[in-house]
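Single-structure report; data block below.
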Amino acid sequence: MNVLVVGRGGREHSIVSKLNESNKIDTLYIAPGNDGMSEQATCVDIDETDIEGLVQFAKEKNIGLTFVGPENPLLLGIADRFQENGLKIFAPRKEAAMLEGSKSFAKAFMKRHQIPTADYETFTDAEAAKAYIKEKGAPIVIKADGLAAGKGVVVAETLDEALQAIDAMMIDKTFAEAGTKIVVEEYLEGREFSYIAFVHENNVFPMIPARDHKRAFDNDEGPNTGGMGSFAPVPDISEETLAYATEAILQKTADGMVEEGRPFTGILYAGLMMTADGPKVIEFNTRFGDPETQVILPLLKNDLLQVLLDVLAGKDPQLAWEDQACVGVVLAANGYPGSYEKHLPLPTFEGSDVFTVYAGVTGGKGGLVSNGGRVLLVGSKQPTIEAATQKVYQSMETALTNNSGFFYRKDIAK
Ligand code: AMP
Ligand code: GLY
């Protein structure tokens, strides 16, 4: 079977690496991919958002299954268009991807189905939002309704910060149309984890939990980023909590979507806060997490293509996981998530104990240079989290000089 993956980052590099282990694939394509993954898949120069171009390509190359990495194509209706053309795709239709595409939709959905989440109100009027915030007090959380590339959330410690966030989103339009509507929500205290599942209609098959480190600098300081490192599984989250989250969050969500006539097929990602009252939803994504995928997939024992085909066929894929731990640390260009330099030469990470996942890179064989803020991830799979962490940092310390132009967090998984 020919298989097409859509996307270009580290998450997609992990997905093609895992799919590449399958002996059922004739040719594996990635659109557009990056030069760091060209040994695992054939890169095709079609943008993720060029839906008609992707449909055309899938027809021409007789693609048997398409898998989508990022959210943008989902909200542009890639699954709808592929299905209309009789093409098999593992991805939610646009109306189901609204769980990620609209925070107000997701919140109202959770309320309708009694899925545990923070209390909230939705606003389209800045003055009304401000009045509500003054009544509730800080800390409080303000979210732009639409997609804002992970940057549309302000966790305000003070009332002033909260009011400024309203001005930025609703009056200055920092996130353009994504900020026309906002969600103001109760601040939840606890530890976060990502709980991700393969879903097809009422069937839910959860993966092992992972934790992502979103702030740029050590000790969770600095601005929010796309993610600076991750590990899986998560020792402080109990089996009992996971069983509860599977039933009360993932399964209820899948069932609720079916009930509402917008059945979900694809990857359902619940960003959860482990509060004193149990796990509560912070956000839904309708795709794999980045960089969680980079530490979850290496622990999956199954053939990923077979898993996707089984799930689509309504069968239990019998997921099996290695009894090990995986840690990944992101190497970013100095200045990220603000402005940064590109075309920096890349270090190489020695040792059979570590693997490299490429995100923002370009260039030919042997001559890769950086081409983004988050450049690559160094990962390791070991019997324990401690051992994996040590291998990753050993390799990074050896490879990197002080003036490499890159930085990374020193406290991932610690
Ligand atoms: P989101 O884009 O919704 O994942 O939000 C980004 C980050 O903001 C999350 O990973 C949390 O760390 C934080 N956050 C979002 N919502 C809340 C909340 N209700 N309470 C506390 N922290 C939150
Ligand atoms: N790691 C968080 C995300 O993918 O949204």
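In this chain, numbering begins with 1 at the start of the sequence shown. Atoms within a ligand are numbered from 1 in the order they appear, just like the ligands themselves.
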Element-labelled atoms of ligand 1 that are located less than 4.0 Å from some non-hydrogen atom of E185: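 Result: 16 (N), 17 (C), 18 (C), 19 (N).
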Selection residues 128-140 - residue pairs positive for salt bridge (Lys or Arg N to Asp or Glu O under 4.0 Å), sequence neighbours left out: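 Applying salt bridge (Lys or Arg N to Asp or Glu O under 4.0 Å) to every pair that reaches into residues 128-140, excluding sequence neighbours, yields K130-D167.
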Pairs involving residues 405-414, ordered by first then second residue, that meet salt bridge (Lys or Arg N to Asp or Glu O under 4.0 Å) (sequence neighbours left out):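 Every pair satisfying salt bridge (Lys or Arg N to Asp or Glu O under 4.0 Å) with a residue in residues 405-414: D220-R409, R409-D411.
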Heavy atom of R287, distance to ligand 2 below 4.0 Å: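 Heavy atoms of R287 do come under 4.0 Å of ligand 2.
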What I want to check is whether the side chains of [X] and [Y] have a donor and an acceptor closer together than 3.5 Å.
X	Y	value
Q382	S380	yes
D212	S194	no
T66	K88	no
Q251	D255	yes

From CA spacing to verdict: side-chain contact (heavy atoms from CB on, under 4.5 Å), V378, L376: CA-CA 7 Å; V378 182; L376 55 81; 3.8 Å; yes
Give the numbers and elements of all ligand 2 atoms closer than 4.0 Å to a heavy atom of [X].
X	result
G289	4 (O)
E292	1 (N), 2 (C)
D212	1 (N), 2 (C)

V141 contact mode with ligand 1 (heavy-atom cut-off under 4.0 Å):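 The answer is the side chain of V141.
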Part of E186 with heavy atoms under 4.0 Å of ligand 1, whether side chain, backbone, both or neither: backbone
Ligand 1 to A118 polar contact by distance, N or O atoms, under 3.5 Å: no
Option whose closest heavy atom lies nearest to atom 10 (O) of ligand 1, chosen from K143, K103, E192: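 Checking each option, the heavy atom nearest atom 10 (O) of ligand 1 is found in E192.
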